[in-house]
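A short write-up of the structure that comes next.
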Amino acid sequence: MTKLLPMNRRNFLQTSVAGALAGLAPGLLASRAAAQTALTVGFIYVGPKDDYGYNQAHAEGAAAVKAMPGVVVVEEENVPETVDVQKTMESMINLDGASLIFPTSFGYFDPHMLAMAAKYPNVLFRHCGGLWQKDKHPMNTGSYFGYIFQGQYLNGITAGYATKSKKIGFVAAKPIPQVLQNINAFLLGARSVDPTITCQVIFTGEWSLAVKEAEATNALIDQGADVITCHVDSPKVVVQTAAGRGAFVCGYHANQSPLAPEKYLTGAEWAWGNVYSNFIKQAQAGQALPNFVRGGLKDGFVKMSALGPGVSAEAHKKFEATKVEMMAGGFSVFKGPLKDNKGKQVIDGGKAYAEDAIELESMDYLVEGVVGSTA
């Protein structure tokens, strides 16, 4: 019996021949023809586009690009961080005529995107993360990312007012610097309201593992946490589990308020539509795309979910005042004196880091008041 493979980009090149293109995939031919008169841009996601998280945030950015004139957008979701993503990129280039590709997942960068960049030097690749290095990586590649820990600090302010137990919880995937920044910022925001608040963190070890995320959320609540946030690819399980147990939640990546309308305080969201639109405008104008782009709230890389019904008037006032400071560029989330949760001084008194401080890129500690370990 002949096995029929699903017609996705990863197997199309293996199952078709040039003479059969018209019969097998007229839509692909039409896309290729459109690409001759428009800028064709590819977006690749490691999970589903409607995951209420990391992938949805990027898909919302791609949707903004689709609305721009003179652009053709091609997308593929659920592409693993394996050689499969190379096949997807190659098909976007050869079948659709893509000249700019956004492989959005962390693990797509090395070796997969780098391999395709070497093979197709006339195609531009921009990866979500801060991995690009001028002295190491090809000039047709680059990185973009945002200072979303600012949003987690604002999350923490709402959590600080909402908690009754003075215990808040964080479900985290892996103890890499960006995740540690978010955990620390969440607690520091809460402690700006009440310095006695503590934060329990549980690491699941994976970016997407629903069972462990649910277990971690329940464990945090069992230990007294009454406000929960997270840094995993899809916060959906964490949000629904926490709200189902009666805890308040702060979102991450995208807007999860529809999942818990009464318990959702606010959320730190990506604003990738602004970032992607700027890239497209530059490409259409014939300008060289920057290789390394970062930004925060004031730069339009990050935004906040609307405040929910559980946010008090007092919390609303402090939240908005702090956000105004961040938007003006005069607010430091990480400033001294600050100790880690082992008692070591990590930021001296009088020292304050701007959001783009290089020292934050290598953060390897949890601040005082965080119960948990990076090990």
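Just so it is clear, the model here is predicted, and its values are computed rather than measured.
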Checklist entry - Is there a donor in the side chain of Tyr276 and an acceptor in the side chain of His58, or the other way round, less than 3.5 Å apart? => result yes
Item to check | Closest non-hydrogen atom pair, Val370 against Asn341 | outcome: O-ND2, 3.0 Å
Item to check | Test side-chain contact (heavy atoms from CB on, under 4.5 Å) applied to Leu154 and Met326, step by step | outcome: CA-CA 10 Å; Leu154 292 170; Met326 288 182 174; 4.0 Å; yes
Checklist entry - Side chains of Tyr45 and Asp51: is there a donor and an acceptor less than 3.5 Å apart? => result no
Checklist entry - Backbone N or O of Pro138 within a donor-acceptor pair of the Trp132 side chain at under 3.5 Å? => result yes
Next on the checklist: Would you say that more than 12 heavy atoms from the other residues, nucleotides or ligands in this model lie under 6.0 Å from the CD of Glu314, or not?
Outcome noted: no
Next on the checklist: Using the rule given for salt bridge (charged side-chain N to carboxylate O under 4.0 Å, His left out), can you reason through Asp194 versus Lys166, listing the C-alpha separation, both sets of side-chain angles and the distance that settles it, and then say yes or no?
Outcome noted: CA-CA 8 Å; Asp194 183 343; Lys166 308 302 180 184; 3.1 Å; yes
Checklist entry - Given the rule that I, L, V, M, F, W and Y join up when any side-chain heavy atoms are under 4.5 Å apart, are Val232 and Phe248 in one cluster? => result no
Next on the checklist: Can you tell me how far apart CD (Glu213) and OG (Ser234) are? Round to the nearest 0.5 Å.
Outcome noted: 7.0 Å
Next on the checklist: Do Glu215 and Asn218 have side chains that approach each other closer than 4.5 Å (heavy atoms only, starting at C-beta)?
Outcome noted: no
Item to check | pair Pro290-Gln282: side-chain heavy atoms closer than 4.5 Å | outcome: yes
Next on the checklist: Between Ile168 and Leu366, is there shared hydrophobic-cluster membership here, with clusters defined by ILVMFWY side-chain heavy atoms closer than 4.5 Å?
Outcome noted: yes
Checklist entry - With no hydrogens and no angle check, do the side chains of Glu90 and Tyr120 hold a donor and an acceptor under 3.5 Å apart? => result yes
Checklist entry - For Phe301, does its backbone N or O pair with a side-chain atom of Asp299 as donor and acceptor, under 3.5 Å? => result no
Checklist entry - Could you go step by step and tell me if His231 and Phe170 meet the ring pair (Phe, Tyr, Trp, His ring centres under 6.0 Å) rule? => result CA-CA 8 Å; His231 184 155; Phe170 202 112; 7.3 Å; no
Checklist entry - Got a donor-acceptor contact below 3.5 angstrom from the Thr241 side chain to the Val237 backbone? => result yes
Checklist entry - Only one of Phe334, Phe186, Tyr252, Tyr353 forms a ring pair (Phe, Tyr, Trp, His ring centres under 6.0 Å) with Phe149, so which one is it? => result Phe334
Checklist entry - What distance do Ile183 atom CD1 and Gln178 atom CD have between them, rounded to the nearest 0.5 Å? => result 10.5 Å
Checklist entry - With a 4.5 Å limit on heavy-atom distance, are the side chains of Val333 and Gln181 in contact? => result no
Item to check | Minimum-distance pair of heavy atoms, taken over all atoms of Gln345 and Pro337 | outcome: NE2-CB, 3.7 Å
Checklist outcome for this item: Result for side-chain contact (heavy atoms from CB on, under 4.5 Å) between Met89 and one of Val79, Ile101, Val123, Asp84 points to Ile101
Checklist entry - Taking a hydrophobic cluster as the set of Ile, Leu, Val, Met, Phe, Trp and Tyr residues connected by side-chain heavy atoms closer than 4.5 Å, whether directly or through intermediates, do Leu297 and Leu307 fall within one such cluster? => result yes
Item to check | Residue that, paired with Phe102, satisfies side-chain contact (heavy atoms from CB on, under 4.5 Å) out of Phe125, Phe43, Trp272, Tyr108 | outcome: Phe43
Checklist entry - Between Ser192 (side chain) and Gly189 (backbone), is there a donor-acceptor pair under 3.5 Å? => result yes
Next on the checklist: Between Phe106 and Leu131, is there a side-chain heavy-atom distance shorter than 4.5 Å?
Outcome noted: yes
Checklist entry - With under 30° as parallel and over 60° as perpendicular, where do the rings of His137 and Phe109 fit, or are they tilted in between? => result perpendicular
Item to check | Spacing of Ile148 atom CD1 and Met304 atom CE [to the nearest 0.5 Å] | outcome: 8.5 Å
Checklist entry - Have Gln152 and Asn155 got a donor and an acceptor in their side chains that come within less than 3.5 Å? => result yes
Next on the checklist: I'd like to know whether Arg294 forms a side-chain contact (heavy atoms from CB on, under 4.5 Å) with Glu355, so could you lay out the CA-CA distance, the side-chain angles of the two residues, the decisive distance to 0.1 Å, and finally the verdict.
Outcome noted: CA-CA 10 Å; Arg294 303 299 278 282; Glu355 62 267 22; over 6 Å; no
Checklist outcome for this item: Paired with Val367, the side-chain contact (heavy atoms from CB on, under 4.5 Å) test is passed by just one of Val346, Ile347, Asn184, namely Asn184
Item to check | Residue pair Tyr365 / Lys344, side-chain heavy-atom distance below 4.5 Å | outcome: no
Item to check | Distance-minimising heavy-atom pair for Asp226 and Ser165 | outcome: OD2-N, 3.0 Å
Next on the checklist: For Met139, is there any backbone N or O sitting under 3.5 Å from a side-chain donor or acceptor partner on Asn291?
Outcome noted: yes
Next on the checklist: Looking at Asp96 and Ala98, would you say the former's side chain and the latter's main chain have a donor-acceptor pair under 3.5 Å?
Outcome noted: no
Item to check | Derivation of the side-chain contact (heavy atoms from CB on, under 4.5 Å) call for Val65 and Phe279 | outcome: CA-CA 10 Å; Val65 173; Phe279 275 128; over 6 Å; no
Checklist entry - In Å and rounded to the nearest 0.5 Å, what is the OG1 to CD distance from Thr266 to Gln256? => result 10.5 Å
Item to check | Spacing of Gln150 atom CD and Met327 atom CE [to the nearest 0.5 Å] | outcome: 9.5 Å
Checklist entry - For the side chain of Asp348 and the backbone of Gly336, is there at least one donor-acceptor N/O pair under 3.5 Å apart? => result no
Item to check | Side-chain donor-acceptor pair present, Thr322, Tyr153, cut-off under 3.5 Å | outcome: no
Item to check | Non-hydrogen atoms of Gly295 and Val302 that approach each other most closely | outcome: O-CG2, 4.5 Å
Checklist outcome for this item: What one should report as the nearest heavy-atom pair of Gly372 and Val201 is CA-CG1, 3.8 Å
Checklist entry - Using 4.0 Å as the upper bound for N to carboxylate O, is an ion pair formed by Glu75 and Lys49? => result yes
Next on the checklist: So, taking the atom named OG in Ser312 and the one named NZ in Lys317, what distance separates them when rounded to the nearest 0.5 Å?
Outcome noted: 11.5 Å
Checklist entry - Is there side-chain contact between Lys174 and Phe203, with heavy atoms separated by less than 4.5 Å? => result no
Checklist entry - What about Leu188 and Leu265, same hydrophobic cluster or not, with Ile/Leu/Val/Met/Phe/Trp/Tyr joined at side-chain heavy-atom distances under 4.5 Å? => result yes
Next on the checklist: For a side-chain contact (heavy atoms from CB on, under 4.5 Å) check, start with the C-alpha distance between Thr158 and His316, then their side-chain angles and the critical distance, and finish with the verdict.
Outcome noted: CA-CA 8 Å; Thr158 65; His316 191 290; over 6 Å; no
Checklist entry - Less than 4.5 Å apart, any side-chain heavy atom of Leu259 and any of Val249? => result no
Checklist entry - Under the 3.5 angstrom rule, does the side chain of Thr104 hit a backbone N or O of Ile44 as a donor-acceptor pair? => result yes
Checklist entry - If you take all heavy atoms of Ala115 and Gln86, which pair is closest and at what distance? => result CB-OE1, 3.9 Å
Item to check | Same cluster (ILVMFWY, side-chain, under 4.5 Å), Leu220 and Leu209 | outcome: no
Next on the checklist: Within the supplied structure, the quantity of interest is the number of heavy atoms (other residues, nucleotides, ligands) at a distance under 6.0 Å from Lys335 NZ; does it exceed 12?
Outcome noted: yes
Next on the checklist: I'd like to check Ile228 versus Arg245 (side-chain heavy atoms, cut-off strictly below 4.5 Å). Are they in contact?
Outcome noted: no
Checklist entry - Between Arg126 (side chain) and Asn140 (backbone), is there a donor-acceptor pair under 3.5 Å? => result yes
